Student: 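Sharing a structure here in structure tokens format.
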Amino acid sequence: MRALVLALVLLATPAAVSPVVAPAWAVIDPREMLPDPEQEQRARTIGKELRCLVCQNQSIDDSNAGLAQDLRRIVRERVTAGDSNDQVIAFVTDRYGDYVRLTPPFNAATAALWVSPVLVLALGGLAVFGFYRRRQVIDAPAPLTEEERARLARLSAE
Amino acid sequence: MTRRQVMFALPALATLGAAGGFYAMLSGMRSGSFDPRGVPSALIGRSVPGFDLAALPGSNKPGLASRDIIAAAAQRPVLVNFFASWCVPCLVEHPHLMRLAAEGVPVFGINYHSGSQTDPGAVAWLRRHGDPFLRIGIDLTGRVAVDFGVYGVPETYIIDRQGVVRWRMAGPITPEILDEQVRPLLRRLA
């Protein structure tokens, strides 16, 4: 029991501590930050949506690459200029294509990407459904005989 | 065909199909026609982005603006090359740019800076290895590079006579790419 409690406490700790620790993990130089905390927060949200193209699977917010730094600065320029989050993302997508977005939009080129997990899950579901239905048919008990039914009636009457 | 035969054939066909696909990918990677990390540039088919860059100090070459590219491209297709002296692949492709320039192909250079990376050695590098560029712009903030959709150096664009970007190469121009892509395209666009 004590071990369980300890384990739960340990599990909960990172979640409790992370808001305090998070700024230390971020690669963003304080000099890059916007003076307005609300705008800075928006820039962070946008940055998490944009791929650092030279590191491929990191967002520009997580990367120290020069290009990521340039893109962070441009995102902040656009935010300060009054662009909405979508406008900023469109600005970058216009130059780098959909690949720059870590959540790709649904279109003809990405349809297979979005649809395939759903399709595979549906196929798996169908297979499981078919398997159980057939087993039920096989395992269905034989109907009661006349004798058994009479006995059941007698037992339930008691 | 019985149900049993179908169930047997299906996995075999799927495996064969996958094998064919992998073969095509691998042979494409070997010949250079397929790059799994290559992403088409968003700029292909669009006009050169507008910009006006100052000259690279000490290079004795004028700066570069988009109007210079458009004016030169009206005569014959041009190359725009992003480079930096610290970039090793740039040195690999450099002889090919020198050869193209010697053949009279207009080659424009943009000295690439990104993040806090500067390039104080650019002029010395050009002096040492040769300068193929008609004009050289210095992109101190990396902003023009982002407008071009540059990933990193070297990166080269071919612009046709209407000022439209027709081709992009992220990475060094190799002899194969020069012969199979660059030269045929320059001939076609001439």
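A note on names: the letters A, B, ... follow the listed sequences, proteins ahead of strands, and every chain is numbered from 1. All values derive from a computational prediction rather than experimental measurement. All heavy atoms count here, side chains included; hydrogens, waters and symmetry mates do not.
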Student: Under 30°, 30 to 60°, or over 60°: which ring-plane class applies to B:Tyr151 and A:Tyr96, parallel, tilted or perpendicular?
Tutor: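 Tilted, since the angle between the ring planes falls between 30° and 60°.
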Student: Give a yes or no on this: more than 12 heavy atoms of other residues, nucleotides or ligands lie within 6.0 Å of atom CZ of B:Arg183.
Tutor: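 Yes, enclosed.
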Student: In terms of hydrophobic clusters joined by side-chain contacts under 4.5 Å, are B:Leu186 and B:Leu189 together?
Tutor: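 Hydrophobic grouping puts B:Leu186 with B:Leu189.
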Student: For A:Asp98, which atoms come within 4.5 Å of any heavy atom of chain B: side chain, backbone, both, or neither?
Tutor: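 Interface part for A:Asp98: neither.
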Student: Looking at B:Ala42 and A:Asp94, what are the two nearest heavy atoms and their distance?
Tutor: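 Closest approach of B:Ala42 to A:Asp94, heavy atoms only: CB-O, 3.6 Å.
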Student: Kindly determine whether A:Asp70 and B:Arg143 satisfy side-chain contact (heavy atoms from CB on, under 4.5 Å), including the steps that lead there.
Tutor: CA-CA 7 Å; A:Asp70 292 344; B:Arg143 179 52 199 269; over 6 Å; no
Student: B:Ile136, B:Phe108: one ILVMFWY side-chain cluster at the under-4.5 Å cut-off?
Tutor: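 No: no chain of side-chain contacts under 4.5 Å links B:Ile136 to B:Phe108.
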Student: Using a cut-off of 6.0 Å, state whether more than 12 heavy atoms not belonging to A:Glu147 lie near its atom CD.
Tutor: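 Atom CD in A:Glu147 is not packed in, count stays at 12 or less.
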Student: For B:Ala145, is it the side chain, the backbone, both, or neither that has a heavy atom closer than 4.5 Å to a heavy atom of chain A?
Tutor: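 For B:Ala145, the backbone is the part near chain A, not the side chain.
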Student: Between A:Leu53 and chain B, which part of the residue has a heavy atom less than 4.5 Å away: side chain, backbone, both or neither?
Tutor: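 Both parts, heavy atoms under 4.5 Å.
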Student: Would you say that more than 12 heavy atoms from the other residues, nucleotides or ligands in this model lie under 6.0 Å from the CZ of A:Arg149, or not?
Tutor: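 Above 12, so yes.
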Student: Decide yes or no for B:Leu43 and A:Arg95: does some side-chain heavy atom of the first lie under 4.5 Å from some side-chain heavy atom of the second?
Tutor: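 Not touching, per the 4.5 Å side-chain cut-off.
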Student: Could you tell me which portion of B:Ser116 (side chain, backbone, both or neither) has an atom closer than 4.5 angstrom to a non-hydrogen atom of chain A?
Tutor: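 Both the backbone and the side chain of B:Ser116 come within 4.5 Å of chain A.
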Student: Does atom CZ (B:Phe8) have a neighbourhood of more than 12 heavy atoms from anything else shown, all under 6.0 Å?
Tutor: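 Not more than 12 within 6.0 Å, no.
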Student: With a 6.0 Å cut-off (strictly less than), is the heavy-atom count around CD of A:Glu38, excluding the residue itself, greater than 12?
Tutor: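 12 or below, so no.
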Student: Between A:Gln69 and B:Ser114, is any pair of side-chain heavy atoms under 4.5 Å apart?
Tutor: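 Side chain of A:Gln69 against side chain of B:Ser114, heavy atoms only: no contact under 4.5 Å found.
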